[in-house]
Colleague: 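Dumping the structure here so I can ask a few things about it.
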Amino acid sequence: MIKAISQKNPPFLLNEEEILTDSPVSLIKPWEQILNEIFPWLACLLLLTVCGLWMRRLLKNRRGKESRTEESISMDPFEEAMQAIANLQDQKNVTPKAFVFKLSEILRIYVERLFKLPAMELTGEEFLLQIANHSFFKNRYEDALRDFVEKGDQIKYSQEAGADNATIDLLTLATNFLTDTHGKLEEEKAL
């Protein structure tokens with residue numbers, strides 16, 4: 001009768017070899033067996049955690065971009081550029097190179113924000129090529145911007161300290177460009 005029962009044992013009962021041996025059944029599982037049983041659950045938990053963190057970062061970046069665009073739209077690019085130039089003029093003990101770098105940055109940010117051109121990532125020549133291809137700038141400001149870029153590059157990349165007259169000329173070119181483009185854009189809006 002024992003043989004009949006042992007042959008028809010369901011899989012959850014002890015197998016025949018364990019019944020016939022006289023050794024006790026271990027109540028503690030080896031580490032390898034525990035890890036093999038837990039590993040799929042740990043892998044799923046880790047995957048869910050990574051996905052959750054990635055989604056959180058994605059949503060946070062999206063909210064940050066939306067708030068930055070709202071802040072940037074809140075102030076007119078012309079007003080912001082003129083304010084930045086006024087702040088630059090108020091600074092004392094600014095070297096001509098630093099002055100020209102900042103003035104160029106102000107002008108490029110103005111163009112980038114207003115005309116959606118990647119002005120900050122471009123070199124001087126690339127910037128001039130982008131301007132030449134843009135419909136608003138075509139046959140209007142190419143010479144003034146070329147003059148600004150060339151004079152600015154002379155000051156920025158020369159070994160000499162730079163002349164104050166050159167920085168004043170660049171400041172005049174920049175303010176004229178800003179006021180003229182702002183006026184033309186206002187005229188186009190009025191039409």
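No hydrogens, no waters, no symmetry mates; every other heavy atom, side chains included, goes into these values.
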Colleague: Just verifying a value: how many Å separate Glu188 CD and Thr181 OG1, rounded to the nearest 0.5 Å?
Modeller: 10.5 Å

Colleague: Quick one: pull up CG in Leu114 and CZ in Phe136 and give me the separation to the nearest 0.5 Å.
Modeller: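 Result: 7.5 Å between the selected atoms.
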
Colleague: Taking the six-membered ring of Phe101 as reference, does the NZ or CZ atom of Lys156 fall below 6.0 Å from its centre and within a 45° cone about the axis?
Modeller: yes

Colleague: For Glu112 and Glu121, run side-chain contact (heavy atoms from CB on, under 4.5 Å): C-alpha distance rounded to whole Å, both residues' side-chain angles, the deciding distance at 0.1 Å, then the answer.
Modeller: CA-CA 10 Å; Glu112 189 170 290; Glu121 293 92 28; 4.3 Å; yes

Colleague: Taking side chain to side chain donor-acceptor pair (under 3.5 Å) as the test, write out the residues that go with Glu126, two or more places apart.
Modeller: Thr123

Colleague: Could you tell me the separation between the CG atom of Leu46 and the CG atom of Leu42, rounded to the nearest 0.5 Å?
Modeller: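 Rounded to the nearest 0.5 Å, the CG-CG separation comes to 8.5 Å.
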
Colleague: What heavy-atom pair brings Gly124 and Val149 nearest, and what distance separates the two atoms?
Modeller: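 Reported closest heavy-atom pair: CA-CG1, 3.8 Å.
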
Colleague: If only atom types and distance count, is the side chain of Arg108 paired as donor or acceptor with the main-chain N or O of Ala119 below 3.5 Å?
Modeller: yes

Colleague: Checking Thr175 side chain against Leu171 main chain: does a donor-acceptor pair fall under 3.5 Å?
Modeller: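 Yes; at least one donor-acceptor contact below 3.5 Å.
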
Colleague: Verify the neighbour count for atom CG of Asn133: are there more than 12 heavy atoms of other residues, nucleotides or ligands below 6.0 Å?
Modeller: yes

Colleague: After noting the C-alpha distance and the side-chain angles of Tyr141 and Phe177, does the key distance pass the ring-ring contact (aromatic ring centres under 6.0 Å, His included) rule?
Modeller: CA-CA 8 Å; Tyr141 302 105; Phe177 172 77; 5.4 Å; yes

Colleague: For residues 36-58, which residue pairs pass the ring-ring contact (aromatic ring centres under 6.0 Å, His included) check, not counting sequence neighbours?
Modeller: none

Colleague: For a quick test of reading the model, state the closest non-hydrogen atom pair linking Leu103 to Ala174 and the distance between them.
Modeller: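 Smallest interatomic distance, heavy atoms only, reads CD1-CB, 3.9 Å.
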
